[in-house]
Amino acid sequence: MTAEQTPVLRRRAVLASAAAIPVLAACGGGDDSDADTGSSPSGESSATQESTRFATADIPVEGGTIEDGIVVTQPSEGTFKAFDATCTHRQCTVNKIVDGAILCPCHFSAFDIETGEPVENPERGRKGPATSALTELTVTLDGADVVVT
């Protein structure tokens, strides 16, 4: 190596090292005392579980409502159920509730408003392709609200 090549090689080595510093820093390795890992020292999650509220007055008996990816139904007076609005067939979003069934517009699957199980589509007179129930969510009542988590 000649004397003329040495500065160029050193400069390249310094530049390559400098470029790697932010990448290495992002990998951690420092003091994690301020890091939010999502769990407490006891191992319990410190993250709060999100919830969505629905007014009970907005949920018809033997029907329901669909908002923000959640289906909330009232199969009978005072009984509330909630499901993820994602169809179990091809992950389309269900879009309406008719005659006790939650309907998917993509391939006409229908789901029972009480159990989330696939049922005959009341608008088509036959079952759609979904074979699994909608994912049930947790429902609690808080005054005049249904709280879904």
Side-chain angles (χ1 to χ4, degrees), residues 9 11-149:
L9 291 176
R11 193 171 353 155
R12 284 185 185 155
V14 168
L15 290 174
S17 297
I21 291 171
V23 174
L24 293 174
C27 294
D31 179 16
D32 289 339
S33 61
D34 292 333
D36 182 9
T37 62
S39 63
S40 65
S42 66
E44 295 175 19
S45 175
S46 63
T48 58
Q49 192 171 29
E50 282 191 46
S51 63
T52 305
R53 291 177 148 327
F54 297 84
T56 57
D58 294 340
I59 305 165
V61 176
E62 297 182 5
T65 186
I66 304 168
E67 290 181 35
D68 300 324
I70 298 171
V71 180
V72 180
T73 64
Q74 188 174 186
S76 59
E77 182 79 35
T79 300
F80 296 92
K81 298 287 187 161
F83 306 94
D84 184 299
T86 305
C87 179
T88 57
H89 175 242
R90 296 281 179 163
Q91 288 66 54
C92 292
T93 301
V94 298
N95 68 343
K96 64 182 173 177
I97 300 170
V98 175
D99 296 333
I102 303 162
L103 306 183
C104 179
C106 293
H107 301 102
F108 309 108
S109 289
F111 304 89
D112 183 82
I113 64 169
E114 186 166 11
T115 65
E117 290 291 330
V119 295
E120 183 177 284
N121 184 319
E123 294 185 332
R124 305 204 29 110
R126 58 186 157 108
K127 273 190 163 183
T131 58
S132 302
L134 294 175
T135 301
E136 190 166 358
L137 304 174
T138 302
V139 170
T140 55
L141 293 177
D142 181 17
D145 290 342
V146 173
V147 181
V148 180
T149 53

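We're numbering straight along the sequence, starting at 1.
With sequence neighbours excluded, the residues that form a side chain to side chain contact (heavy atoms under 4.5 Å, CB included) with Ser132 are Thr88. With sequence neighbours excluded, no residue satisfies side-chain hydrogen bond (donor to acceptor under 3.5 Å, both in side chains) with Asn121. Residues meeting the side-chain hydrogen bond (donor to acceptor under 3.5 Å, both in side chains) test with Thr131, sequence neighbours left out: none. Qualifying side chain to side chain contact (heavy atoms under 4.5 Å, CB included) partners for Asp142, counting only residues two or more places apart in sequence or in other chains: Arg53, Val147.
Using a 4.5 Å cut-off on side-chain heavy atoms (C-beta onward), Val72 and Val139 make no contact. Residues Ile59 and Val146 form a side-chain contact, since some pair of their non-hydrogen atoms from C-beta on lies under 4.5 Å apart. Within the 4.5 Å cutoff, the side chain of Phe80 has heavy atoms near those of the Thr56 side chain.
Salt bridge status for Arg126 with Glu120: absent, with no side-chain N to carboxylate O gap under 4.0 Å.
Counting only residues at least two apart or on different chains, the side-chain hydrogen bond (donor to acceptor under 3.5 Å, both in side chains) pairs with a member in residues 103-119 are His89-His107, Asp112-Thr115. Applying the disulfide (SG to SG under 2.5 Å) test to residues at least two apart or on different chains, the pairs with a partner in residues 65-98 are Cys92-Cys106. Within the structure, the ring-ring contact (aromatic ring centres under 6.0 Å, His included) test picks out no pair touching residues 120-149 (sequence neighbours left out). For residues 64-79, the pairs satisfying side-chain hydrogen bond (donor to acceptor under 3.5 Å, both in side chains) are Ser76-Thr79, with sequence neighbours left out. Applying the disulfide (SG to SG under 2.5 Å) test to pairs two or more places apart or on separate chains, none has a residue in residues 119-149.
Taken to the nearest 0.5 Å, the OG1 atom of Thr52 stands 11.5 Å off from the CG atom of Asp145.
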Could you list the donor-acceptor pairs under 3.5 angstrom formed between side-chain atoms of residues 93-103 and any protein atom two or more places apart in sequence or on another chain?
residue	atom	partner	partner atom	Å
Lys96	NZ	Glu123	OE1	3.3
Lys96	NZ	Glu123	OE2	3.0

Derivation of the side-chain contact (heavy atoms from CB on, under 4.5 Å) call for Phe83 and Thr135: CA-CA 5 Å; Phe83 306 94; Thr135 301; over 6 Å; no

